[in-house]
Amino acid sequence: MSAFSKILLLRGGGRHYSAAAQTQLREILGTQLAGIKDAGTFKAERIITSSQSTQITVQGSEKRILNFCANNYLGLANNPEIVEYSRTLLEKYGAGLSSVRFICGTQDIHKQLEQKIAQFHGREDTILYASCFDANAGIFEAILTPEDAVFSDELNHASIIDGIRLCKAKKQRYKHRDLADLERQLRESDGRLKLIATDGVFSMDGNIAPLARIVELAKKYDALVFVDECHATGFFGATGRGTEEYDNVMGEVDIINSTLGKALGGASGGYTTGPSELISFLRQKSRPYLFSNTLPPAVVAVGLKVMDMLLASSELTQRVQSNTQRFRTAMTKAGFTIAGENHPICPVMLGDARLASKFADEMLTRGIYVIGFSYPVVPQGKARIRVQISAAHTEAEIDQAIGAFIEVGRSLKVIQ
Ligand code: PLP
């Protein structure tokens with residue numbers, strides 16, 4: 001107990017007031033939690049008792065189930081070579097740095113990872129963060145002033161929305177992937193710097209930003225392009241370089257933010273990669289970088305090993321793409337509507353929220369782990385099951401999932 005708490009306790013008053021405040025807090029939050037439960041939007045967490053993989057076990061059952069809802073696109077989350085390398089660097093460099101980067105938290109491996117990521121994307125430099133949420137939270141406020149303007153797709157990820165909220169630039173939202181709306185706003189803007197911000201791939205729909213045409217507009221109106229590539233880096237585009245590769249504009253995006261917590265090993269960490277002046281400036285000004293602990297060595301090791309693998313071969317990238325095609329083609333042929341384009345996020349559109357939830361439950365009884373998404377995560381009446389394909393799924397596992405979808409789809413009269 002701290003000296004301050006002891007004084008409060010001796011005086012007898014402090015405890016009393018803090019207990020009342022805590023009771024009030026519990027009441028306020030309890031009421032809101034009950035509201036969330038009533039609305040059917042309470043998010044319960046299923047507890048996994050194995051490593052993240054295509055086959056997992058969950059608490060309360062010994063049975064292995066097939067996992068189709070992780071962002072483990074390349075299947076590297078429990079790759080033995082990566083885990084072994086991570087163990088080696090854990091032993092050599094210790095558990096962590098107990099410091100932010102600029103005090104005494106930069107090791108040679110942090111610099112190596114930053115260089116490898118820059119090499120992978122063909123950029124000048126990279127800055128690491130604890131997460132991509134931090135990278136998105138830290139960039140707009142650091143570089144944009146009230147003289148500047150930022151143009152954001154209305155369906156951008158929450159971390160981009162929050163990051164933009166923190167900055168003082170003029171904030172403009174354009175309609176989802178609507179180039180006419182974006183162009184109108186760019187034309188009318190008198191911003192000094194104009195920055196267009198978009199997700200490369202939108203994770204609820206598996207649809208893609210029209211990047212080539214965004215880049216064209218940026219050139220026409222002298223704007224910069226920022227892309228969040230969390231659902232693209234490592235596996236989207238012919239060699240996994242992401243949306244700019246997919247849309248044939250390699251190297252034309254000004255700023256890329258992405259994550260180490262999805263395809264790239266699934267541990268954690270995020271980054272910004274781009275021009276060297278930008279990266280140097282972020283090291284001076286970006287608050288989540290300046291005021292938060294360094295990425296731990298075991299996590300850096302995962303990124304290093306994954307980067308080596310991806311720089312050497314695109315085999316896994318090709319495998320996730322062919323698995324995706326197999327799933328999308330067979331499901332469409334069976335009569336399902338799959339949203340998005342060519343992406344391993346395959347939303348099976350069902351419409352009704354209760355149907356989506358029942359469908360997911362029925363899939364689980366057949367050993368397939370998928371999740372139903374409904375309002376407010378997706379628009380009302382657009383409930384779906386979001387299937388995510390991995391390079392680690394075998395063709396037999398993909399076919400097993402398709403078979404279960406067809407069986408449940410027929411029994412629930414979604415397809416004939
Ligand atoms: N951006 C997008 C598009 C995401 O999907 C996510 C994760 O859900 C993030 C940013 C945040 O990434 P991280 O988990 O590294 O914080």
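For the numbers below, each heavy atom of this structure counts, side chains included, while hydrogens, waters and symmetry mates do not. Computed from a predicted structure; not experimentally measured.
- H231 is listed as a side-chain neighbour of N71, based on a closest heavy-atom distance under 4.5 Å.
- Between the side chains of N136 and D228, at least one donor N or O lies within less than 3.5 Å of an accepting N or O.
- In this structure, a donor-acceptor pair under 3.5 Å is absent between the side chains of E114 and T126.
- Contact detail for G237 and Q321: the closest heavy-atom pair is O-NE2, 2.8 Å.
- Ring geometry for H157 versus F133: interplanar angle over 60°, hence perpendicular rather than tilted (30 to 60°).
- Aromatic ring pairs are classed by plane angle as parallel below 30°, tilted from 30° to 60° and perpendicular above 60°; the pair H176 and F202 is perpendicular.
- Looking at every heavy atom in both residues, I402 comes nearest to R326 through CD1-O, 4.1 Å.
- Of all heavy-atom pairs between D199 and V227, the closest is C-CG1, 4.2 Å.
- Considering L282, L193, L224 as possible partners of I143, the one that fulfils the side chain to side chain contact (heavy atoms under 4.5 Å, CB included) test is L282.
- V377 and F373 get closest at one heavy-atom pair: CG1-CD2, 3.7 Å.
- Under the 4.0 Å criterion applied to side-chain N and carboxylate O atoms, K220 and E216 are not assigned as salt-bridge partners.
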Take H343 and Y246 through the ring pair (Phe, Tyr, Trp, His ring centres under 6.0 Å) test and state the conclusion after the steps.
CA-CA 11 Å; H343 192 276; Y246 178 79; 8.7 Å; no
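- Ring geometry, F235 versus Y73: the interplanar angle falls under 30°, so the pair is classed parallel (tilted spans 30 to 60°).
- E183 and Y174 share no donor-acceptor pair across their side chains, judged by distance under 3.5 Å alone.
- Looking at Q112 and Q107, their side chains never bring a donor and an acceptor atom within 3.5 Å of each other.
- Residues passing the ring pair (Phe, Tyr, Trp, His ring centres under 6.0 Å) test with F120, sequence neighbours excluded: none.
- Ring centroid separation for the pair F359 and F405 comes in under the 6.0 Å cut-off.
- Under the 3.5 Å distance criterion, with hydrogens and angles disregarded, no donor-acceptor pair is assigned to the side chains of N67 and Q388.
- Side-chain N/O atoms of Y221 and S189 include no donor and acceptor closer than 3.5 Å.
- For F151, the ring pair (Phe, Tyr, Trp, His ring centres under 6.0 Å) test picks out no residue, with sequence neighbours left out.
- Paired with D148 under the rule salt bridge (Lys or Arg N to Asp or Glu O under 4.0 Å), one option of K170, K171, R192, K194 passes, and it is R192.
- Looking only at atom types and distance, the side chain of T233 has a donor-acceptor partner in the side chain of S258 under 3.5 Å away.
- S411 and E362 share no donor-acceptor pair across their side chains, judged by distance under 3.5 Å alone.
- One distance of note links CG of L97 with CD1 of I103; it measures 11.5 Å at 0.5 Å rounding.
- Side-chain polar atoms of N257 and T272 form a donor-acceptor pair below 3.5 angstrom.
- No hydrogens or angles considered: nothing links the side chains of Q172 and S152 as a donor-acceptor pair under 3.5 Å.
- Scanning both residues, P347 and G206, for their nearest heavy atoms gives CG-N, 4.3 Å.
- A ring-ring contact (aromatic ring centres under 6.0 Å, His included) check over residues 25-58, counting only residues at least two apart or in different chains, returns nothing.
- Minimum heavy-atom separation, L217 to L186: CB-CD1, 4.1 Å.
- A donor-acceptor contact under 3.5 angstrom links the side chains of T49 and T57, judged on distance only.
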